[in-house]
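Structure first, commentary second.
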Amino acid sequence: MERALTLTKTTIGKKAIMALSGVAMLGFVVGHLAGNLKVFSGPEAFNEYAVWLRTVPALLWGTRLVLLAAVAAHMASAFSLWSRNRGARKNRYAKKKDLATDYAAKTMYWSGPILLFYILFHLLHLTFGGMIWTDGAALFGFEGYTWAHSNPYNNMVIGFTHWPVVVPYVLGVCALGIHLFHGIWSAFQSMGANHPRYNHLRRDLAIALAVFLTLGFLSIPAAAMMGWIEPTTQTFYYPELEPAPVTVP
Amino acid sequence: MKTKNLTLHVWRQRGPNDSGDFERYVAKDVNEHMSFLEMLDVVNEDLLENGDEPIAFDHDCREGICGMCGVVVNGYAHGPQERTTACQLHMRQIFELGWDELWIEPWRATSFPVIKDLAVDRGAFDRIIQAGGYISIRTGSARDANETPIPKDVSDAAMDAAECIGCGACVAACPNASASLFTAAKISHLGLLPQGQAERTDRVRKMVGQMDHEGFGSCTNHGECEKACPKGISIDWIARMNRDLLKAMTTSADDIEERD
Ligand code: FES
């Protein structure tokens with residue numbers, strides 16, 4: 001029996017997967033920024049937002065599962081296309097002039113992995129932080145920076161007063177902006193979304209979103225370093241955020 | 001009339017299995033009104049007189065319409081003049097840039113193996129066309145010119161896509177050696193016309209399947225192909241091809257054989 005050509009086996013199908021998974025991740029990033037900007041409304045608003053996320057497990061776990069699938073699909077397609085594209089030109093040019101491409105497009109294979117490593121660092125810091133550093137342990141060895149389950153506001157704000165947390169964050173956010181500048185435009189092209197009347201808007205949207213998200217995410221460490229947002233001395237207790245008590249059988 | 005001496009670094013490769021290398025030549029008294037290929041002709045005459053092997057390069061019409069010529073000059077596919085094939089590139093355009101040294105390389109893509117020196121085998125393009133780049137229609141005797149109405153903007157768009165001469169500069173310029181621009185142009189110029197509708201879903205699947213099978217890279221939307229194309233084929237056609245394929249693959253009931 002002859003094997004049928006399936007969409008996901010074609011290079012175009014793989015690009016469509018990258019576009020769709022990219023859009024899913026972009027959606028998360030927008031929501032993530034919207035939530036995190038609550039830091040400017042003060043510790044209570046921010047911490048209550050964190051609690052609210054826990055009270056809607058369907059949302060939390062739904063998002064996590066979709067994101068995990070999106071990241072896996074995005075990476076698998078990227079790797080498959082990357083290795084194909086390397087093989088497509090085994091002998092390189094002695095001289096090659098770029099005429100149309102830009103920095104963002106040429107560095108997608110760098111900004112992508114940088115983002116991946118940054119996200120891992122970010123998760124270790126703020127998501128799994130409570131599992132790694134037990135109560136009272138100094139986070140990253142910084143004096144006064146202890147993990148507080150019920151105070152995500154402080155976990156974030158105090159972190160951003162330390163360079164070793166800020167530097168990877170800034171690098172990660174810049175990589176995100178650059179990746180999105182090409183990625184958003186590219187997604188339209190890969191999905192075949194083009195129309196002479198609206199084509200210029202694709203680049204405009206990519207620039208607007210990339211700039212907005214980059215500046216939005218950078219505003220938080222900038223504010224923390226300038227002292228515009230400060231760690232709170234208030235104490236919080238939310239059972240939803242505290243780890244489940246370990247029962248010894 | 002200006003003349004100039006130029007230093008050439010020409011890729012010399014005896015055959016597909018030879019590793020190849022650059023060879024240095026001096027082209028003496030190059031006339032500004034020579035075409036680029038005429039300049040190579042003169043260099044070849046000297047080589048022949050000295051009993052050396054002339055530089056092999058492809059050409060046919062030498063008027064920019066057949067798509068046979070094509071070399072990379074100082075990193076530019078078909079040379080630095082926009083929307084111009086190598087045969088229509090003239091030495092004055094190179095003099096204007098102040099270039100005294102030219103690096104001349106063949107199209108570099110695994111799917112375009114070098115036959116000799118600057119000549120590559122573009123049979124992969126022929127096989128993409130054979131896979132579906134046609135309309136199987138019984139034409140019978142000549143029909144009335146306006147029997148099938150086609151709006152002017154549609155026929156214009158089809159003509160824009162049909163301008164592709166299949167030279168392979170898109171593959172040469174693409175960082176991934178992708179044949180997307182060529183394949184998209186060929187799919188689109190048929191797919192735009194009423195006569196091309198019957199086979200539209202099969203065509204896109206077969207031609208994309210063949211394109212992938214030939215080992216070309218994927219499109220990463222850099223836009224290099226569009227800039228290098230001597231006919232100015234737009235990457236909008238690539239978006240259209242993507243749309244056509246996604247639609248065909250998700251809606252058609254019949255399978256297309258996988259080409260692997
Ligand atoms: S030789 Fe025909 S296009 Fe250049």
Side-chain angles (χ1 to χ4, degrees), chain A residues 1-20 77-78 80-106 108-109 182-196 199 202-203 206, chain B residues 9 11 19-20 22 72-77 80 82 103 105 108-111 114 171-178 180 205-206 208-209 211-212 215-228 235-236 238-247 249-250 254-260:
Chain A
M1 205 188 83
E2 63 191 32
R3 286 170 306 160
L5 183 69
T6 48
L7 182 58
T8 49
K9 279 195 193 124
T10 64
T11 49
I12 294 174
K14 286 185 179 133
K15 284 295 282 187
I17 293 174
M18 297 206 63
L20 292 175
S77 301
S80 151
L81 293 172
W82 170 77
S83 54
R84 161 185 269 272
N85 294 349
R86 276 172 58 96
R89 177 169 294 128
K90 293 204 185 93
N91 300 316
R92 315 233 128 239
Y93 288 106
K95 293 251 187 292
K96 183 69 176 68
K97 184 91 178 96
D98 292 329
L99 299 175
T101 188
D102 51 51
Y103 179 80
K106 283 196 285 183
M108 289 303 268
Y109 291 132
H182 182 71
I184 293 173
W185 178 83
S186 194
F188 281 106
Q189 191 72 5
S190 298
M191 293 307 292
N194 78 321
H195 187 283
N199 274 355
R202 301 184 298 177
R203 190 51 101 185
Chain B
H9 303 271
W11 185 260
S19 58
F22 285 98
V72 175
V73 184
N74 283 5
Y76 294 84
E82 247 182 61
W103 293 78
E105 303 177 61
R108 293 197 192 274
T110 311
S111 308
V114 170
V171 175
C174 175
N176 313 316
S178 167
S180 293
R205 289 184 296 166
K206 284 179 178 165
V208 168
M211 170 182 87
D212 286 350
F216 291 107
S218 76
C219 178
T220 45
N221 304 318
H222 288 243
E224 287 295 320
C225 52
E226 180 183 74
K227 277 275 180 217
I235 53 172
D236 288 351
I238 298 181
R240 186 188 156 97
M241 166 175 74
N242 295 345
R243 193 164 66 235
D244 263 13
L245 183 81
L246 294 173
K247 205 166 132 194
M249 287 295 223
T250 44
D254 338 305
D255 281 343
I256 291 286
E257 193 183 343
E258 193 190 333
R259 295 284 293 110
D260 256 328

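Labels below follow one simple rule: chain letters A, B, ... track the order of the sequence lines, proteins then strands, and each chain is numbered from 1.
Pairing each heavy atom of S218(B) with each of N85(A), the nearest pair is N-OD1, 2.6 Å. In this structure, I238(B) and Q189(A) approach most closely via the heavy-atom pair CB-NE2, 4.2 Å. Contact between K95(A) and V72(B) at its shortest, heavy atoms only, is O-CG1, 4.4 Å. Considering every non-hydrogen atom in both G209(B) and L5(A), the closest pair reads CA-CD2, 4.1 Å. Smallest separation of non-hydrogen atoms from Y93(A) and A172(B): OH-O, 2.8 Å. Residues G87(A) and T110(B) approach most closely at O-OG1, 2.6 Å, considering heavy atoms.
R84(A) places a side-chain N or O within 3.5 Å of a backbone atom of F216(B) that can act as its donor or acceptor partner. In this structure, the side chain of R89(A) engages the main chain of V171(B) through a donor-acceptor pair within 3.5 Å.
Within the 4.5 angstrom heavy-atom criterion, only side-chain atoms of H182(A), from C-beta onward, approach chain B. For W82(A), no part lies near chain B; criterion is any non-hydrogen pair under 4.5 Å. Only the side chain of K15(A) has a heavy atom closer than 4.5 Å to any heavy atom of chain B. Heavy atoms closer than 4.5 Å to chain A are found nowhere in C225(B), neither backbone nor side chain. Of the two parts of V114(B), neither the backbone nor the side chain holds a non-hydrogen atom closer than 4.5 Å to a non-hydrogen atom of chain A. Residue N199(A) touches chain B through its side chain alone, counting heavy-atom pairs closer than 4.5 Å. Heavy atoms of A173(B) lying under 4.5 Å from chain A belong to its backbone as well as its side chain. Contacts of E105(B) with chain A are made by side-chain atoms alone, with heavy-atom separations under 4.5 Å and no backbone atom involved.
Once rounded to the nearest 0.5 Å, the distance linking CD1 of I256(B) with OG1 of T6(A) reads 12.5 Å. Atom NZ of K106(A) sits about 9.0 Å away from atom NE2 of H222(B), to the nearest 0.5 Å. Atom NZ of residue K14(A) and atom SG of residue C219(B) lie 15.0 Å apart, to the nearest 0.5 angstrom. Taken to the nearest 0.5 Å, the OG1 atom of T8(A) stands 8.0 Å off from the CE atom of M249(B).
Residues Y76(B) and L99(A) meet the side-chain proximity criterion, which asks for heavy atoms closer than 4.5 Å. Proximity of R243(B) to N194(A): side-chain heavy atoms (C-beta onward) are separated by under 4.5 Å at one or more points. Residues N74(B) and K97(A) are not in side-chain contact: their nearest non-hydrogen atoms beyond the backbone lie 4.5 Å or more apart. At a threshold of 4.5 Å between non-hydrogen side-chain atoms, the residues N91(A) and W11(B) do not count as touching.
Highest contact tally toward chain B, considering only A16(A), S190(A), A193(A), is held by S190(A) [criterion: heavy-atom pairs under 4.5 Å]. Between chain B and the options R92(A), K96(A), M18(A), heavy-atom pairs under 4.5 Å are most frequent for K96(A). Chosen from A94(A), G13(A), P196(A), A104(A), the residue pairing most often with chain B at heavy-atom distances under 4.5 Å is A94(A). The most heavy-atom pairs under 4.5 Å with chain A, out of K227(B), R205(B), R108(B), E226(B), come from R108(B).
Side-chain atoms of D212(B) and T10(A) form no donor-acceptor pair, as typed in the model, at a separation below 3.5 Å.
More than 12 non-hydrogen atoms from other residues, nucleotides or ligands lie less than 6.0 angstrom from CZ of R203(A). Around atom OH of Y109(A), more than 12 heavy atoms belonging to other residues, nucleotides or ligands sit under 6.0 Å away.
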Is there a side chain to side chain contact (heavy atoms under 4.5 Å, CB included) between I12(A) and M241(B)? Walk through the geometry before answering.
CA-CA 9 Å; I12(A) 294 174; M241(B) 166 175 74; 3.9 Å; yes

